[in-house]
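The structure appears below as structure tokens.
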Amino acid sequence: YKGNDVYATTKLFAAWWAAELATRLPKGATVNAVSPGATPDTDADRNGTWFLRRVMMPMFKFMPGMSHTIADGAGRYLEAAGYSDDVTGKFFASPPKKMIGPLTEMNQPHLDNPAAQVALWNVTNAVAGVAAPAAT
């Protein structure tokens, strides 16, 4: 088990799932995936190593540009919710190689993988035991 690998895979799957869901929603309904940015006070590091929990994360709170508050992280979701109806199926996060910063649409090639998005959608529905609407 490698926590960082699982974390990164989970973010990728959230982006793929949102992209696929966006193809299945009626016109005017939107969905986007949003990363809150580095918010150490959420206790997201609770399963991390001692060094991460007791040294690195506390340091991030005091280093400019390395983290922000829970309110700032939550505000990113509200910002994305205010985007126009034509912005859907996207993944928004801090700028590349930044822990925090303005909410930015991520355009990395691995995020745009329609076959993987459909496969993830199908597996998710099979695991959940639900029938899903076809893409529009």
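Every value quoted in this text rests on a predicted model; they were computed, and no experiment measured them.
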Over all atoms of both residues, closest heavy-atom pair of [X] and [Y]:
X: Pro95; Y: Pro102; value: CD-O, 3.3 Å
X: Pro58; Y: Leu52; value: CD-O, 4.2 Å
X: Met66; Y: Ala38; value: O-CB, 3.3 Å
X: Gly101; Y: Arg76; value: O-NH1, 3.1 Å
X: Val31; Y: Ala22; value: CG1-N, 3.7 Å
X: Thr30; Y: Thr88; value: CA-OG1, 3.4 Å

Non-hydrogen side-chain atoms of Leu21 and Trp121 separated by less than 4.5 Å: yes
Linked, directly or transitively: Met59 and Trp50 (ILVMFWY side chains, under 4.5 Å): yes
For the atom pair [atom1] ([X]) and [atom2] ([Y]), what is the distance rounded to the nearest 0.5 Å?
X: Trp16; Y: Thr124; atom1: CH2; atom2: OG1; result: 11.0 Å
X: Asn32; Y: Lys90; atom1: CG; atom2: NZ; result: 8.5 Å
X: Met63; Y: Met56; atom1: CE; atom2: CE; result: 7.0 Å
X: Asp45; Y: Tyr7; atom1: CG; atom2: OH; result: 11.0 Å
X: Lys11; Y: Thr9; atom1: NZ; atom2: OG1; result: 12.5 Å
X: Thr39; Y: Met99; atom1: OG1; atom2: CE; result: 9.5 Å

Ser67 side chain vs Phe60 backbone, donor-acceptor pair below 3.5 Å: yes
Side-chain donor-acceptor contacts of residues 108-115 below 3.5 Å, not counting sequence neighbours, with atom names and distances?
from: Asn113; atom 1: OD1; to: Ala116; atom 2: N; distance (Å): 3.1

Steps toward side-chain contact (heavy atoms from CB on, under 4.5 Å) verdict (Leu103, Tyr83): CA-CA 12 Å; Leu103 201 55; Tyr83 293 161; 3.5 Å; yes
Side chain to side chain contact (heavy atoms under 4.5 Å, CB included) involving Asp41 - partner list, sequence neighbours excluded: Lys61, Ile70
